[in-house]
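Chain identifiers are assigned alphabetically (A, B, ...) following the order of the sequence lines, protein sequences preceding nucleic acid strands; residue numbering begins at 1 within each chain.
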Protein chains: 4
Amino acid sequence: MVQKPAPDSTRRSEKSRRAIYDAALALVVEAGYAKTTIEGIAARAGVGKQTIYRWWSSKADVLLEAFLDLSEQYAEAVATPEELQYGIPDTGDLAADLRYVLRATVDQLLEPKFEAPSRALAAEGVVDAQFAAQVVSRLLEPQLQLYVQRLKAAQDAGDVRHDIDPRIALELFVSPLAQRWLQRTGPLSYEYTDALVDYALYGLAPR
Amino acid sequence: MVQKPAPDSTRRSEKSRRAIYDAALALVVEAGYAKTTIEGIAARAGVGKQTIYRWWSSKADVLLEAFLDLSEQYAEAVATPEELQYGIPDTGDLAADLRYVLRATVDQLLEPKFEAPSRALAAEGVVDAQFAAQVVSRLLEPQLQLYVQRLKAAQDAGDVRHDIDPRIALELFVSPLAQRWLQRTGPLSYEYTDALVDYALYGLAPR
Amino acid sequence: MVQKPAPDSTRRSEKSRRAIYDAALALVVEAGYAKTTIEGIAARAGVGKQTIYRWWSSKADVLLEAFLDLSEQYAEAVATPEELQYGIPDTGDLAADLRYVLRATVDQLLEPKFEAPSRALAAEGVVDAQFAAQVVSRLLEPQLQLYVQRLKAAQDAGDVRHDIDPRIALELFVSPLAQRWLQRTGPLSYEYTDALVDYALYGLAPR
Amino acid sequence: MVQKPAPDSTRRSEKSRRAIYDAALALVVEAGYAKTTIEGIAARAGVGKQTIYRWWSSKADVLLEAFLDLSEQYAEAVATPEELQYGIPDTGDLAADLRYVLRATVDQLLEPKFEAPSRALAAEGVVDAQFAAQVVSRLLEPQLQLYVQRLKAAQDAGDVRHDIDPRIALELFVSPLAQRWLQRTGPLSYEYTDALVDYALYGLAPR
DNA sequence: TTATAACCGAGACGGTACGTCTAGTCTTGTC
DNA sequence: GACAAGACTAGACGTACCGTCTCGGTTATAA
């Protein structure tokens, strides 16, 4: 089997890469993922198709990198210095901190520039295990680890049972929100996320 | 706008419909959703393309109906008479009942004949709101309502706080499983689902 | 080989046949032969497709009968009693008679209701030998025989050489007109047809 | 109206063009014009459909160019140097020259590789005025002009009346042959074409 | 006078081809 | 050698008709 020699990344055009990211994100927002095509991205970016095929293996791959790039830019632009380590606030009141973060997540999930590409990546991952591994390791898991850290701190402070696994525990409030958003099984609201925090922390069974 | 007259469903070929369902499901399992085409379904079913376009509006639409049909068949074939009302068991022990059902769900989620089409429907819904509404109302919500009923019974029995909303509460253990499966954010196992039931019922905070 | 039993023509619907003729002719005039379809004819005639397939073997076949019917109607409506035997006038002046008939032919060839179906039949015949045999025997040859008769009369009157074959001779003036019209190799005009009569009767070589 | 940008003909694949010509001609000969499809041509030529649609506007258009190309090749292969100017022989005996050429034409008209595509082009032209203009200007008229030249030479030599129009005169013997062939109104033979030359040159009326 | 068989309008069916669109590869000329 | 441009083979899209078939309904002889 003849292996195509890897392209020389030192000679890569930064301008083209940026144009491709912008075009891919814009098309997904404007036309939807299904109607976004490699040809369309190339045309909008003013780039040859081969330049896309040289550096990425699929439409989804382009979009993943474009979205990661967007997230980075966004984080740099918005975050205050103390949020730059990009954690979940720790005011000592776990419930309040979680309510705050989930409310912020709701806001972000409804912002079209994030929503459209996020959905595209998620959909691709649902159906393509290999791609899902990329999405999880580069996008989802890093975010979930922030919750793990906050929950571990809460365990140290005695606010969370010591026999629970933080990696599972976070799913009690994160996954319901994720599923409602992804599968549209219900509306998103602050009341909803507040309730999730309450139920998750104190359980469904009477005390 | 010119409206095509609706086809006469009384003259519809039952044989063709069945063949289309079978072909669609088989192709999704064998080749994957992305490589499943209307043309391929028609060819495999021994049917003209127009027969598909006459009765369904898209590949996803075909698959949804095929899957609903499959579920019906499966339910009829497998269910014992008392399960035929198709509920969640109520032995009086809520935790045990939920553990049982979630373990069964894990088994089903890993069965290829269910997994492949389920993922396809989910992925389409993630990206297409209109289709998602169909999936939710015809597939997901009916299943979720079974949990609502069981939780209400548990409230009556005093096993669940009276101030919680069952429709939200069920998400504490269902959504984590759904998300791990859909997005592949973690492995599925009986230990995992057992833990979910425990955490959800008794909360994360110490008693 | 199982032979389909011939349909019972005594029970045939005259109304449908007329409607089919009208629809076929109208569509060929309005939309052109290529865009005229059996389905279109059936729809316009308010007739089931099977009613067409029952009585005719092809689109061309329908059109041939429709055109023959039209010609009959036209002949009955227009012809004076003495023309009803439908011959070429014989005033004793062969050249004048031919000039008259060819001028009338030019007029008819340019009339859309005749032109469109005539062209369609001709085109089909060019490419389909079996159909051409129908067209020749039912449409073209009967008309050409009128020239044969007139030329034979002219031979008897001594106006035409006795050693010529009238069936060939008539082509000297008829075929040029036919070809100009069919293949559009030149314009049709009275001057042109007058010239044809002159050249044909008296030859190209100097006397 | 949005105009598709014209493709860059300098980058056109010569190999594909040749393959398309060959496939088109072969299919018309083997299967007939009606059963020759763009898809079939593409498949036989080992070419994408788009490559045909990029360079031609219709099946008829492909065939016209294929036939012109064939004619060129044929002319180069067969013609002796002196025939390469490709005229009608001028031995001084007009009648003999015309008899010779018309006999050769009969032979060619009956050769399947020429007959099938010629008929297809003629049939299309009968029904499509715009296409007919192409056929006439690129195929028919150049051939007819050869007769015009020969007849003008004959006029100079005193063998043809000076008051006749050669462009019309040639039709006296060419059009009958053309019509018999096209519309199959009669058999083709050397006796027939010889008679046409005789009648046309010396007229039908007695001398 | 009914029944019964054909024609009839309607249109669903298995197919085939249309003309368009995009995938992914390859080629050409520019920087 | 990366790049913009775009021609190439391949094949799916959704539509339009083909010619066959099945369905009720409506006549028009034959029982």
* **Which residue lies more 5' along DNA chain E, comparing D:Gly40 with B:Gly46 via nearest heavy atoms** => B:Gly46

What residues, two or more places apart in sequence or in another chain, satisfy side chain to side chain contact (heavy atoms under 4.5 Å, CB included) together with [X]?
X: A:Arg138; result: A:Leu64, A:Glu65, A:Leu68, A:Gln134
X: D:Leu27; result: D:Thr36, D:Ile41, D:Arg44
X: B:Leu70; result: B:Leu25, B:Phe67
X: D:Glu14; result: D:Arg17, D:Arg18

* Phosphate OP1/OP2 of F:dT9 contacted by D:Thr51 side-chain N/O (<4.0 Å) -> yes

Rounded to the Å, how far apart are [X] [atom1] and [N] [atom2]?
X: C:Ile41; N: F:dC17; atom1: CD1; atom2: P; value: 12 Å
X: C:Arg18; N: E:dC8; atom1: CZ; atom2: P; value: 15 Å
X: C:Arg12; N: E:dC7; atom1: CZ; atom2: P; value: 11 Å
X: A:Ile20; N: F:dA2; atom1: CD1; atom2: P; value: 14 Å
X: A:Ile52; N: F:dA2; atom1: CD1; atom2: P; value: 16 Å

Check [X] against [Y] and note the closest heavy-atom contact, atom names and distance.
X: A:Ala24; Y: A:Val62; result: CB-CG1, 3.9 Å
X: A:Ala120; Y: A:Val28; result: CB-CG1, 4.4 Å
X: C:Pro112; Y: C:Pro117; result: O-CD, 4.0 Å

* Asked: Is there a residue in residues 54-67 of chain D whose heavy atoms reach under 4.0 Å of DNA chain E, and which residues are they?
  -> none

* Name every residue in residues 22-31 of chain D that has at least one heavy atom under 4.0 Å from any atom of DNA chain E, in order of residue number, or write none if there are no such residues. => none

Tabulate protein N/O versus nucleotide N/O from nucleotides 20-22 of chain E, keeping only pairs under 3.5 Å, one per line.
| unit_1 | atom_1 | unit_2 | atom_2 | d |
| --- | --- | --- | --- | --- |
| E:dC21 | N4 | D:Gln50 | OE1 | 2.9 |

Look for any protein N or O under 3.5 Å of an N or O in nucleotides 28-31 of chain F and output each such pair with its distance, or none.
none

Only distances under 3.5 Å count here; give the side-chain donor-acceptor pairs of residues 122-133 of chain B to other protein atoms, sequence neighbours excluded, each with its distance to 0.1 Å.
| unit_1 | atom_1 | unit_2 | atom_2 | d |
| --- | --- | --- | --- | --- |
| B:Glu124 | OE1 | B:Tyr33 | OH | 2.6 |
| B:Asp128 | OD1 | B:Gln130 | N | 3.0 |
| B:Asp128 | OD1 | B:Phe131 | N | 3.1 |

* Asked: Given side chains that start at C-beta, do those of C:Ile38 and C:Trp56 come closer than 4.5 Å, heavy atoms only?
  -> no

* Asked: What residues, two or more places apart in sequence or in another chain, satisfy salt bridge (charged side-chain N to carboxylate O under 4.0 Å, His left out) together with A:Asp61?
  -> none

* **For B:Arg184, all residues meeting salt bridge (charged side-chain N to carboxylate O under 4.0 Å, His left out), sequence neighbours excluded** => none

* Residues in side chain to side chain donor-acceptor pair (under 3.5 Å) with B:Ser16, at least two apart? -> B:Ser13

* To do: Verify side chain to side chain contact (heavy atoms under 4.5 Å, CB included) between C:Ile52 and C:Lys49, making sure each step is shown before the conclusion.
  => CA-CA 5 Å; C:Ile52 297 183; C:Lys49 283 202 291 178; 5.9 Å; no

